[in-house]
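Being a predicted model, the structure only gives us computed values, none of them experimental. Just the heavy atoms: all of them, side chains too, but no hydrogens, waters or symmetry mates, feed the values below.
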Amino acid sequence: MREAIAEARLAEQNGEVPVGSIIVHEGTIIGRGRNARETSQDPTTHAEMIAIREAANALGSWRLIDTTLYVTLEPCPMCAGALVNARVPRVVWGCNDPKAGATETLYTIGSDPRLNHRFDCVPGVLGDECSALLTEFFAAIRAKGSPPKRR
């Protein structure tokens, strides 16, 4: 999770919402991602999506079998769906997302028996630290009275 937090800090330096993610396979990080929606102007460039793409490239397969994804914020519906489709077996996150959480808070996509794949969910790892990153980021934006940096 510390590596995911480091990715989140890099996202924040770029004016992005500080969410970071890594994917580990056999003890090695094979994918890294951090939010990039503002810099890319692409709504799919969430931290998890970028890490999934990088990991699939590293393995040479869309099936991310025997991997664990770590992310600082509970995955949204898009990312949870991608994790199901990528066959990721385990997802670990820092803090829950009360507005878009799709693995525990609002939806349970990763454990829905109607889907063709399910993954183990491990919430709350370094949750206070992950939550503080987001709280401080949005407090700073409110204090400035402006949205995150845009290109």
Side-chain angles (χ1 to χ4, degrees), residues 1-59 64 66-86 88-112 118-151:
M1 186 60 77
R2 292 267 176 230
E3 289 292 325
I5 290 170
E7 290 296 323
R9 291 185 194 286
L10 290 171
E12 183 176 28
Q13 289 174 9
N14 292 329
E16 299 284 349
V17 174
V19 177
S21 181
I22 62 164
I23 296 180
V24 175
H25 178 259
E26 296 179 352
T28 301
I29 296 172
I30 61 167
R32 292 178 177 272
R34 58 186 168 270
N35 275 5
R37 290 188 313 172
E38 297 300 331
T39 53
S40 70
Q41 291 300 296
D42 177 347
T44 69
T45 54
H46 287 200
E48 301 96 310
M49 300 296 285
I50 294 168
I52 289 168
R53 287 181 191 116
E54 201 171 283
N57 188 50
L59 291 179
L64 301 183
D66 298 325
T67 64
T68 299
L69 177 128
Y70 295 85
V71 63
T72 57
L73 179 66
E74 179 184 6
C76 73
M78 173 182 67
C79 294
L83 291 163
V84 167
N85 286 323
V88 172
R90 185 169 181 250
V91 176
V92 178
W93 69 89
C95 58
N96 284 353
D97 185 347
K99 294 184 178 181
T103 53
E104 182 178 83
T105 305
L106 298 178
Y107 306 101
T108 55
I109 291 172
S111 58
D112 190 324
R118 284 161 295 289
F119 50 79
D120 293 332
C121 295
V122 182
V125 176
L126 299 178
D128 290 342
E129 188 173 344
C130 294
S131 180
L133 278 171
L134 292 161
T135 300
E136 292 165 12
F137 176 78
F138 288 111
I141 288 173
R142 285 189 297 277
K144 288 180 188 174
S146 62
K149 179 180 89 178
R150 299 199 192 312
R151 282 186 2 168

Original post:
Short question: side chain of S131, backbone of G127 - any donor-acceptor pair under 3.5 Å?
Top reply: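 Not at all, since once roles are kept as given, no pair shorter than 3.5 Å links the two residues.
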Original post:
Taking E136 for the side chain and L133 for the main chain, is one N or O donor matched with an acceptor at less than 3.5 Å?
Top reply: no
Residue pair [X] / [Y], side-chain heavy-atom distance below 4.5 Å:
X   : Y    : result
P43 : M78  : no
V84 : F119 : yes
R34 : I50  : no
R90 : V122 : yes
T67 : P89  : yes
P18 : L134 : yes

Original post:
Checking salt bridge (Lys or Arg N to Asp or Glu O under 4.0 Å) against R32, which of E54, E48, E3 comes through?
Top reply: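 With R32 as partner, salt bridge (Lys or Arg N to Asp or Glu O under 4.0 Å) holds for just one option, E3.
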To the nearest 0.5 Å, tell me how far [X] [atom1] sits from [Y] [atom2].
X   : Y    : atom1 : atom2 : answer
L83 : C121 : CG    : SG    : 9.5 Å
L10 : E16  : CG    : CD    : 11.5 Å
S21 : L69  : OG    : CG    : 3.5 Å
Q13 : R9   : CD    : CZ    : 9.5 Å
M1  : I22  : CE    : CD1   : 8.0 Å
T28 : I30  : OG1   : CD1   : 8.5 Å

Using every non-hydrogen atom in the two residues, find where [X] and [Y] come nearest and quote the distance to one decimal.
X   : Y    : value
G15 : F137 : O-CZ, 4.1 Å
A47 : V19  : CB-O, 3.5 Å
D66 : H25  : O-CD2, 3.2 Å
G33 : E7   : O-CB, 3.5 Å
G94 : C130 : CA-SG, 3.8 Å

Listed pairs under 3.5 Å, donor-acceptor, residues 100-109 side chains, sequence neighbours left out:
{"unit_1": "T103", "atom_1": "OG1", "unit_2": "E74", "atom_2": "OE2", "d": "3.3"}
{"unit_1": "E104", "atom_1": "OE1", "unit_2": "N96", "atom_2": "ND2", "d": "3.0"}
{"unit_1": "T105", "atom_1": "OG1", "unit_2": "E74", "atom_2": "OE1", "d": "2.5"}
{"unit_1": "T105", "atom_1": "OG1", "unit_2": "E74", "atom_2": "OE2", "d": "3.4"}

**OP:** Taking atom CZ of R118 as the centre, report whether more than 12 heavy atoms of other residues, nucleotides or ligands fall under 6.0 Å from it.
**Re:**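 Atom CZ in R118 is crowded, with more than 12 foreign heavy atoms closer than 6.0 Å.
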